Amino acid sequence: MRFDDLATALGATISDPGRIELLEAEGVPALADWLAGQTSVGASIVFDDPRPRRGTAQAFAIAGADGRVVAGMGETAADALRREVEGRGLQLVAHEAKPILVARFAAEPDAAATKVEFDTQIAAYILNAALRSQSIADVVAERLDLVLPPPKELEPVHRAGLEALSALAVRDPLARALQEEGLERLFREIELPLIPVLARMESTGIAVDLDALAVLDREFGAEISRLEDEIYGAVGHQFTIGSPKQLGDILFEELRLPKGRRTKTGYSTDAAVLEELVGVHPVIQPVLDWRIYTKLRSTYVETLPSLIAEDGRLHTTFHQAVASTGRLSSSDPNLQNIPIRTPLGRRIRSTFVAGSPETVLVAADYSQIELRIIAHVSGDEHLKEAFAKQADIHRETAARVLHKPPGEITADERSMAKMVNFGLAYGMSDFGLSSRAGISRQEAQEFINSYFAAYSGISYYMLHIKETARRQGHVTTLLGRKRSIPELHAANAALRGAGERMAINMPIQGTAADIQKIAMIRVADRLAADGFGARLLLSVHDELLLEVPREEVDRLIPVLRETMEGALPLDVPLTVDVKAGTDWESMTPVSRRDAILAEADEAPVDALAG
DNA sequence: TCGATCACGTA
DNA sequence: CACGTACGTGATCGTA
């Protein structure tokens, strides 16, 4: 009855969406014979609101290998069809399968995940991570030379139907491309197994203390009013403090303060510029404070409560096909940028809590994972040895660079070494180091020269990666994840420089992402296999956050640590720092070793003291 | 209404 | 020449 070829079927369905069979819930049993003949189906779900635990399904469609497409219209029929597919153990082929799994977990929290046989969005991303997430229309255009109508112009059922069939139709071309590029294992062994782990995390969500946020809202509001009065008083009139243009005009023309950097459109008024003017005029400090308070209030204190779902928890969406290095990203809300650096910010972090008195939060961080990856990929003997010794890595670095015993390294010297250790992964220049360390460009250049002399393996690696990247047009991680960097061949020197920094950074950041993803999959497996009630909540690049029944904590921690540390054996040990607490701010190390690690591994410093 | 710009939160 | 990577969000402002 149908088509030999899915591309032909898709072409016909684009021309005539009427060939998508619309289904009521009562019509589902009649699909029995057809479904019995399928092992996997193309599938797509369309929500009125894509955020987990927010919207309801408007349509769910499946497509068969024969080109037949059926769609459940409305929530009841969509759910019925989805359950039928799940109940039969059919595997999914979808362009973004995660929301289909989230829909199942929302309805049945303890259900097993539906098997995802292929995700075309992730395949397209693995094949070209340099592009931002690709729509199904992009993939259909590239692989089949067909044009899908814009989703907005379609009824939900027609959209779901076309997407389900499209996913099935582009599956084979994408699978062949993955094979040809040697990306099959990355796709099958990391990215696909990660999907149900992320779906479960999104569905679980994280608890937030609304009362505590309300207290912060009042407090921040009062402080902002006070600062506004102070700012207007110091300037002599009102203006829009949040407008960089107005602020720049007032500071640099009306008040004639010394001008700092310029932006494309006028004077820069960013924190680095304003910091230089503190003490020059009384308006500066209150403006800086006002920025901090209003940023925290508008981004977190006011917004988070509006995003809490009916279960009282926040459900982020993790994006698995966005970041060009292989990292995950998080949005609506972004729970990967919850403040931690400042005391005020930490008060916001403290409103993220364990969901019940019987549970605690457990955070496990990889310690200096990127620098360890640099040690591994560069093969630098001295850096490898420093990690093998489990020494204070920044002190060790300073000692080696400056030819002094570690015991004689001053705080400033250690701080400088730390900045270089962190800057290394970004392709930092003498200019960058000088401006951050508050030293001359020449001093910065000298320190970097000494650094590369002391760690010649790293020096060689940096040259090597740039050369390899130029020759091949792409760079890869340890697991073969690829990013092409066309900027490396740009005529414009600035663009080319940017390309070189991307080439340096991607294998490091991307390998860390590979490791984190392996760890997530294995931790999730162990939680299930060993009967833990603990649940993964968040992944913040090199940290995993879990919600754990109190009585499980002692049993879980060694499992967590060993699973993460063993995710990918390198030439240096990976170490994981574990903390526990009732909120995300007041986390205390669970062993003496963790206390030491936490101490040695704080965020990069921005400037030297004094 | 939307996009560009600036600014700033995280790893 | 610009001057460290990767993200997402909110406010402002000029534009369609």
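Chain letters run A, B, ... following the sequence lines, proteins first and then strands; every chain starts at 1. Bear in mind the structure is a predicted one, so any value in this text is a computation, not a measurement.
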Taking only the side-chain nitrogens and oxygens of [X], find out if one of them lies under 4.0 Å from OP1 or OP2 of [N].
{"X": "Thr265(A)", "N": "dC6(B)", "value": "yes"}
{"X": "Arg346(A)", "N": "dG9(B)", "value": "no"}
{"X": "Arg291(A)", "N": "dC8(B)", "value": "yes"}
{"X": "Thr263(A)", "N": "dC6(B)", "value": "yes"}

Return the set of residues passing ring-ring contact (aromatic ring centres under 6.0 Å, His included) with [X] (not counting sequence neighbours), or none when no residue passes.
{"X": "Tyr426(A)", "answer": "none"}
{"X": "Tyr300(A)", "answer": "none"}
{"X": "Tyr125(A)", "answer": "none"}

Residue pairs, two or more places apart or on separate chains, that pass salt bridge (Lys or Arg N to Asp or Glu O under 4.0 Å) and touch [range]:
{"range": "residues 262-271 of chain A", "result": "Arg261(A)-Asp270(A)"}
{"range": "residues 440-454 of chain A", "result": "Asp430(A)-Arg441(A)"}
{"range": "residues 315-338 of chain A", "result": "Arg327(A)-Glu370(A)"}

Close aromatic pair by centroid cut-off 6.0 Å: Phe422(A) and His394(A): yes

Please list residues of residues 314-331 of chain A whose heavy atoms come under 4.0 Å from any atom in DNA chain C, ordered by number; otherwise none. Val322(A), Ala323(A), Ser324(A), Thr325(A), Arg327(A), Ser329(A), Ser330(A), Ser331(A)

Tell me which residues in residues 503-517 of chain A put a heavy atom below 4.0 Å from DNA chain C, sorted by number, or none. Asn505(A), Gln509(A)

Pair assignment for DNA chain C - dot-bracket with | for other-strand partners, Watson-Crick or G-U under 3.5 Å: ....||||||||||..

Report the distance from atom [atom1] of [X] to atom [atom2] of [N], rounded to the nearest whole Å.
{"X": "Ile340(A)", "N": "dC8(B)", "atom1": "CD1", "atom2": "C1'", "result": "16 Å"}
{"X": "Glu487(A)", "N": "dA2(C)", "atom1": "CD", "atom2": "P", "result": "16 Å"}
{"X": "Asn334(A)", "N": "dG10(C)", "atom1": "CG", "atom2": "C1'", "result": "13 Å"}
{"X": "Leu545(A)", "N": "dA11(B)", "atom1": "CG", "atom2": "P", "result": "13 Å"}
{"X": "Glu543(A)", "N": "dT10(B)", "atom1": "CD", "atom2": "C1'", "result": "10 Å"}
{"X": "Leu296(A)", "N": "dC8(B)", "atom1": "CG", "atom2": "C1'", "result": "9 Å"}

For Pro149(A), check side chain to side chain contact (heavy atoms under 4.5 Å, CB included) against everything at least two apart and list the hits. Ile14(A), Leu154(A), Leu162(A)

Quick one: side-chain hydrogen bond (donor to acceptor under 3.5 Å, both in side chains) partners of His281(A), sequence neighbours excluded? none

Counting any heavy atom closer than 4.0 Å, what does [X] reach on the DNA or RNA strands: base, sugar-phosphate only, or nothing?
{"X": "Arg132(A)", "result": "sugar-phosphate"}
{"X": "Arg297(A)", "result": "nothing"}
{"X": "Ser268(A)", "result": "sugar-phosphate"}
{"X": "Ile338(A)", "result": "sugar-phosphate"}

Identify each atom pair where a protein N or O and an N or O of nucleotides 12-15 of chain C are less than 3.5 Å apart, giving names and distance.
residue	atom	partner	partner atom	Å
dT12(C)	O3'	Ser243(A)	OG	3.4
dC13(C)	OP1	Ser243(A)	OG	2.6
dC13(C)	OP1	Gln246(A)	NE2	3.1

Which residue lies toward the 5' end of DNA chain C, Thr303(A) or Ala129(A), if each is placed at its nearest nucleotide? Ala129(A)

Is a donor-acceptor contact shorter than 3.5 angstrom present between the side chain of Asn337(A) and the base of dG9(B)? yes

SB check Glu202(A) Arg53(A) (cutoff 4.0 Å): no

